[in-house]
Amino acid sequence: MKYDFAAIEPKWQKKWAEEKTFRCENHSEKPKFYALVEFPYPSGQGLHVGHTRPYTAMDVVARKRRMDGYNVLFPMGYDAFGLPTENYAIKNHIHPAKVTHDNIENFTKQLHMLGYSFDWDRVINTTDPAYYKWTQWIFLQLWKKGLAYKTTMPVNWCTSCKCVLANEEVVEGVCERCGAPVVRKEKSQWMLKITEYAQRLIDDLDDLDFIERVKTQQKNWIGRSTGAEVTFKATTGEDIVVFTTRPDTLFGATYMVLSPEHALVKGWLESGKLNNADAVKAYQAAAASKSDLERTELNKEKTGVCLDGVKGINPVNGKEIPIFISDYVLATYGTGAIMAVPAHDDRDWEFAKKFGCEIIEVVSGGEDVQKAAFTAKDETGILVNSDFLDGLTVKDAIPVITKWLEEKGIGEAKVNYKLRDWVFSRQRYWGEPIPMVYCEKCGWQPISEDQLPLLLPDVDSYEPTDDGESPISKMTDWVNTTCPHCGGPAKRETDTMPQWAGSSWYFLRYMDPHNSEALASKEALDYWSPVDWYNGGMEHTTLHLLYSRFWHKFLYDIGVVPTKEPYQKRTSHGMILGEGGEKMSKSRGNVVNPNDVVAQYGADTMRTYIMFIGDFEKAASWSDNAVKGCKRFLDRVWNLSENLTDSLEYTPANESAIHKTIKKVADDIEAMKFNTAIAALMALVNDFYANGCSKGDYKTLLLMLSPFAPHMCEELWETLGFNAAGMACQQAWPAYDESKTVAAEVQMAVQVCGKLRSTITVPVDSDEAAVVAAALADPKVQKFTEGKNLVKTILVPNKLVNLIAK
RNA sequence: GCCGGUGUGAUGGAAUGGUAGACGUAGCGGAUUCAAAAUCCGCCGGGGGCAACUCCGUGUGGGUUCGAGUCCCACCACCGGCACCA
């Protein structure tokens with residue numbers, strides 16, 4: 001019989017679908033296990049090989065855990081709102097809902113084709129009104145708690161998408177999605193107060209089993225820094241509050257810098273306090289017109305303007321110091337104003353040199369501060385020229401000055417974060433409508449919860465507008481409504497939610513996907529929470545992963561979900577590169593389509609190869625030749641089935657290898673070392689070829705291989721008549737006996753003075769004396785020990801003996 | 001600049017401080033075949049030697065250890081994240 005994957009694979013896929021083999025219930029005697037992969041954005045290109053790596057990996061884990069006796073939830077869905085669909089719809093004049101529907105159909109077919117063990121009764125789609133009803137509901141709860149607010153501020157504006165972006169969506173000054181330049185635009189936007197959760201988002205990482213680089217990247221992004229806020233006085237009477245991480249250097253503050261957008265500057269200009277108003281206004285205008293890229297350009301010359309007519313007063317010594325405006329001070333961080341200590345800060349030093357400001361050393365221990373700033377914060381620095389702080393180390397001076405500031409009422413300890421509130425509105429069509437109404441009399445009002453879902457209206461044109469308004473704004477029938485509060489005329493919000501809204505809570509919906517009363521029932525949430533293991537891409541670390549942790553914490557605070565954190569464990573896969581090690585792209589012509597691979601080699605080969613390709617966490621490049629190697633392996637397994645001995649016992653020569661492999665494959669799957677798990681199975685098959693293979697040997701092999709190559713294993717399982725107790729995927733993982741993982745005789749390395757000289761074969765667990773005696777009997781060893789005294793021996797049981805001879 | 005990671009044959013990659021290169025590709029030799037494909041068997045880090053064998057070898061230089069790819073120190077290269085964040 002030939003291994004005809006083209007017939008076998010659809011046969012089993014059909015059976016699994018019809019019998020709902022992988023459906024799971026929200027209750028069980030078994031322990032629960034919730035395995036999650038990031039749901040795809042159903043693009044027109046279909047499933048990418050990049051998707052198959054995490055999906056296959058978690059499918060292997062899910063299948064293995066079922067065999068371990070868990071009640072496994074392994075769901076799939078579609079994150080279908082978003083710009084590419086909208087852009088495709090515009091270009092081809094097809095409704096985005098239709099495009100989405102077709103793409104989802106294609107994705108579903110492909111996911112079935114790969115034999116994934118998803119519970120298909122729990123599929124969700126973020127564009128389904130029954131789903132986004134609850135996305136809107138969560139937004140309303142955020143609004144009720146004051147965590148959603150609308151405000152006018154400078155925001156990131158993508159010049160190509162014609163849409164605002166969150167900070168997280170701007171990568172190196174350009175749009176994360178399309179690569180177009182991002183500029184600052186003053187716009188009124190819905191914002192979510194993620195900053196209120198900054199500290200908890202850091203602290204709660206400690207108890208989670210996330211890979212370290214995810215934790216550090218999130219901490220980096222949140223960017224906590226501790227210091228103090230200090231109030232300086234202006235000679236015109238106003239308070240100027242600054243944030244500093246180095247309050248110890250306060251005596252060295254010789255000037256101040258405000259961001260060009262700072263409110264005080266506007267005030268001084270309006271009240272005519274500034275003698276150089278024209279220069280100041282010109283500088284403000286120049287700063288405003290700069291793109292993010294220009295503003296953050298590396299090693300840029302410092303620029304600025306000194307305010308003529310107003311000075312600051314250093315509160316520790318009463319000195320009058322000049323005030324500048326400069327774009328190296330950001331309006332959106334801290335208070336938008338700094339005290340400048342050029343002797344101990346590189347940026348301030350550079351600015352001071354250019355503008356001729358005074359540089360006073362207040363921390364000794366470095367080089368001449370006139371030549372370079374001394375920025376060390378450790379014990380090497382001793383305070384000088386600082387009155388009561390003199391003689392203290394930097395570390396000791398900080399609490400002393402902070403306490404002093406607090407006592408005098410001119411400052412306090414303060415923590416700042418780089419994290420900004422989440423800009424939550426988009427001027428586009430294909431997203432969840434924001435369920436808010438604006439009334440001239442009552443301001444912003446939420447629509448009543450019983451009116452949800454607020455449906456996305458049909459429009460004729462989805463084109464984004466150049467004036468920065470959503471396409472829906474032209475739909476006057478929809479826009480004009482009545483105020484839920486006073487009943488008077490009012491207008492709906494026409495911006496929609498960002499792409500990240502639907503994915504911020506989707507894992508909860510899988511727990512109870514058809515619930516019309518709540519986003520999920522309390523019983524379902526209690527049973528399945530939290531997600532036990534979530535695998536996804538590193539590119540989502542400071543986007544989806546952070547956003548969904550924030551939403552989950554909010555839902556926890558209002559009593560909707562039972563756990564503080566959504567995901568207990570987070571792992572991440574490396575990218576799949578093209579044949580030459582370059583990123584796959586249409587322009588390079590190195591894109592691998594899973595459909596082609598499955599057609600040529602079958603899904604089991606595709607699955608096995610994508611797991612064997614290399615270290616799961618690292619990038620790996622595709623190799624057509626190596627795919628053939630995996631096909632060859634599966635063929636060898638198949639062909640072996642025709643030469644089995646009848647016994648259901650293990651063949652003695654294979655026994656210890658089988659026990660060892662059972663342990664290794666199980667451990668490797670849990671550790672995501674899929675490549676070595678498959679290597680171990682290959683080695684075992686090589687043993688079977690060499691030693692012969694019994695039905696019993698083969699049965700265990702099929703069970704171990706079934707998570708990787710489920711179709712072929714089911715077929716063989718059936719053909720060989722093992723199926724009385726159900727399919728292979730429904731069996732228990734084979735048991736191993738630790739004592740049998742070691743053969744009766746072991747080969748041991750013999751070193752003389754640390755150098756390998758020979759190997760000997762001895763009975764397992766031989767004691768030191770026996771091993772040493774056997775080693776000394778070896779002529780190759782004798783060559784190096786002859787005429788010397790054995791000073792010491794080191795034994796590593798069953799592995800190695802080292803003879804120290806002098 | 002700060003944080004994290006990685007450096008091993010021709011190649012993808014293996015190695016709880018204990019026989020470096022498992023397993024797979026490619027390559028070479030053989031069997032089978034009219035021939036090829038497929039399949040099966042063998043070889044496959046470098047130098048020296050007919051051989052037995054021997055010396056060298058995990059980015060570089062030191063160190064700890066009976067023993068280091070693995071631990072420590074310094075450096076080099078590359079990759080990823082953050083970055084005028086006060």
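Note that the coordinates shown come from a computational prediction; the quantities given were computed from them, not determined experimentally. Note that these values count all heavy atoms, side chains included, but never hydrogens, waters or copies made by symmetry. Chain identifiers are assigned alphabetically (A, B, ...) following the order of the sequence lines, protein sequences preceding nucleic acid strands; residue numbering begins at 1 within each chain.
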Q) Has the side chain of Lys302(A) got a donor or acceptor atom sitting under 3.5 Å from an opposite partner on the base of C84(B)? A) yes
Q. Can you tell me if the side-chain N/O atoms of Lys755(A) get under 4.0 Å from OP1 or OP2 in C56(B)?
A. yes
Q: Taking atom P in both A14(B) and G24(B), compute the distance separating them and give it to the nearest angstrom.
A: 15 Å
**Q.** Counterpart residues, ring-ring contact (aromatic ring centres under 6.0 Å, His included), relative to Phe355(A) (two or more places apart)
**A.** Phe324(A), Phe351(A)
**Q.** Nearest-angstrom distance from the residue atom CZ of Arg53(A) to C1' of G12(B)
**A.** 11 Å
Q. Can you tell me if Thr661(A) and Tyr736(A) form a side-chain donor-acceptor pair at under 3.5 Å?
A. no
Q | Spacing of the P atoms in C56(B) and G12(B) (rounded, Å) | A | 27 Å
Q.
Looking at Thr56(A) and Arg53(A), would you say the former's side chain and the latter's main chain have a donor-acceptor pair under 3.5 Å?
A. no
Q: Report yes if a side-chain nitrogen or oxygen of Lys673(A) is closer than 4.0 Å to either non-bridging phosphate oxygen (OP1 or OP2) of A15(B); otherwise report no.
A: yes
Q. With sequence neighbours excluded, what pairs up with Lys414(A) under the salt bridge (Lys or Arg N to Asp or Glu O under 4.0 Å) test?
A. Glu229(A)
(Q) Please give me every residue in residues 796-804 of chain A whose heavy atoms get under 4.0 Å of an atom in RNA chain B, ordered by residue number. (A) Val796(A), Lys799(A), Leu800(A), Asn802(A), Ile804(A)
Q. Counting only N and O atoms by type, is there a donor-acceptor contact under 3.5 Å from the side chain of Asp248(A) to the main-chain atoms of Val394(A)?
A. no
Q.
The side chain of Asp327(A) is closest to which nucleotide in this list: C84(B), A86(B), A14(B)?
A. C84(B)
Q) If we take the P atom in both A51(B) and U64(B), what is their distance in whole Å? A) 39 Å
Q.
Just to be sure I follow the notation: if a pair is Watson-Crick (purine N1 to pyrimidine N3 plus N6-O4 or O6-N4) or a G-U wobble (N1-O2 and O6-N3), each under 3.5 Å, what dot-bracket string does RNA chain B give, with | for pairs to another strand?
A. (((((((..(((.....[....))).(((((.......))))).((((....))))..(((((..]....))))))))))))....
Q. Can you find a side chain N or O atom of Lys783(A) that sits less than 4.0 Å from OP1 or OP2 on U54(B)?
A. yes
Q: Taking side-chain contact (heavy atoms from CB on, under 4.5 Å) as the test, write out the residues that go with Asn686(A), two or more places apart.
A: Arg636(A)
Q.
Just to be sure I understand the rule, does Ser621(A) reach a base, reach only the sugar-phosphate, or reach nothing, if contact means heavy atoms closer than 4.0 Å?
A. nothing
Q | Between P of G17(B) and CD1 of Ile794(A), the distance in whole Å | A | 18 Å
Q: Grab the NE2-C1' distance between His262(A) and A86(B) for me, whole Å please.
A: 13 Å
**Q.** Asn654(A): side chain to side chain donor-acceptor pair (under 3.5 Å) partners, not counting sequence neighbours
**A.** Asn691(A), Asp697(A)
Between the protein and nucleotides 20-26 of chain B, which nitrogen or oxygen pairs are less than 3.5 angstrom apart?
| residue | atom | partner | partner atom | Å |
| --- | --- | --- | --- | --- |
| G24(B) | OP1 | Asn686(A) | ND2 | 3.3 |
| U25(B) | OP1 | Arg632(A) | NH1 | 2.8 |

Q) Does Tyr547(A) have any side chain to side chain donor-acceptor pair (under 3.5 Å) partners at least two apart in sequence or in another chain, and if so, which? A) Glu168(A)
Q | Separation between the P atoms of G80(B) and C72(B), rounded to whole Å | A | 25 Å
Q. How would you label the contact of Asp615(A) with the nucleic acid (heavy atoms, under 4.0 Å): base, sugar-phosphate, or nothing?
A. sugar-phosphate
(Q) For Phe633(A), give me all partners under ring-ring contact (aromatic ring centres under 6.0 Å, His included), at least two apart in sequence or on another chain. (A) none
Q: Kindly point out which of A86(B), U54(B), U6(B) is positioned nearest to the side chain of Phe784(A)?
A: U54(B)
Q | Six-ring centre of Tyr328(A), Lys302(A) cation under 6.0 angstrom, axis tolerance 45° | A | yes
**Q.** Nucleotide G13(B), atom P - distance to CZ of Phe633(A) in whole Å
**A.** 20 Å
(Q) I'd like the C1' distance from G9(B) over to U58(B), given in whole Å. (A) 10 Å
Q.
In whole Å, I'd like the distance from the CG atom of Leu577(A) to the C1' atom of G12(B).
A. 12 Å
Q: Mind calculating the distance between CZ (Arg213(A)) and P (G5(B)) to the nearest angstrom?
A: 10 Å
Q) Quick one: side-chain contact (heavy atoms from CB on, under 4.5 Å) partners of Thr793(A), sequence neighbours excluded? A) Glu768(A), Val772(A), Leu790(A), Leu803(A)
Q: Would you mind reading off the distance between Ile613(A) atom CD1 and U11(B) atom P, rounded to a whole angstrom?
A: 17 Å
Q | Euclidean distance for C1', C3(B) against G57(B) (whole angstrom) | A | 34 Å
Q) Where each residue is assigned the nucleotide of RNA chain B containing its nearest heavy atom, which of Tyr689(A) and Glu212(A) is assigned the position nearer the 5′ end? A) Glu212(A)
Q. Do we get Arg570(A) above Phe210(A)'s six-membered ring, with its NZ or CZ under 6.0 Å from the centre and within 45° of the axis?
A. no
Q) Taking for each residue the nucleotide of RNA chain B with the nearest heavy atom, is it Lys618(A) or Ala749(A) whose nucleotide lies nearer the 5' end? A) Lys618(A)
Q. Which value, in whole Å, describes the distance between the P atoms of nucleotides G18(B) and C79(B)?
A. 32 Å
Q | Whole-angstrom distance between G7(B) and U11(B), as gauged at atom P | A | 15 Å
**Q.** Ala770(A): partners by side-chain contact (heavy atoms from CB on, under 4.5 Å), with sequence neighbours left out
**A.** Ser766(A), Asp767(A)
Q. Can G7(B) be described as syn, meaning its chi torsion is within 90° of 0, or is it anti?
A. anti
(Q) What contact category does Lys219(A) fall into here, base, sugar-phosphate, or nothing, at under 4.0 angstrom with non-hydrogen atoms? (A) nothing
Q. When we call it a touch if two heavy atoms are under 4.0 Å apart, what does Arg757(A) touch: a base, just sugar-phosphate, or nothing?
A. sugar-phosphate
**Q.** Interatomic distance where CG belongs to Asn220(A) and C1' belongs to G5(B) [whole Å]
**A.** 14 Å
(Q) Regarding Phe616(A), tell me which of base, sugar-phosphate or nothing describes its non-hydrogen contacts under 4.0 Å with the strands shown. (A) nothing
Q | Partners passing side-chain contact (heavy atoms from CB on, under 4.5 Å) against Lys353(A) (at least two apart in sequence or in another chain) | A | Trp349(A), Ile359(A), Gln370(A)
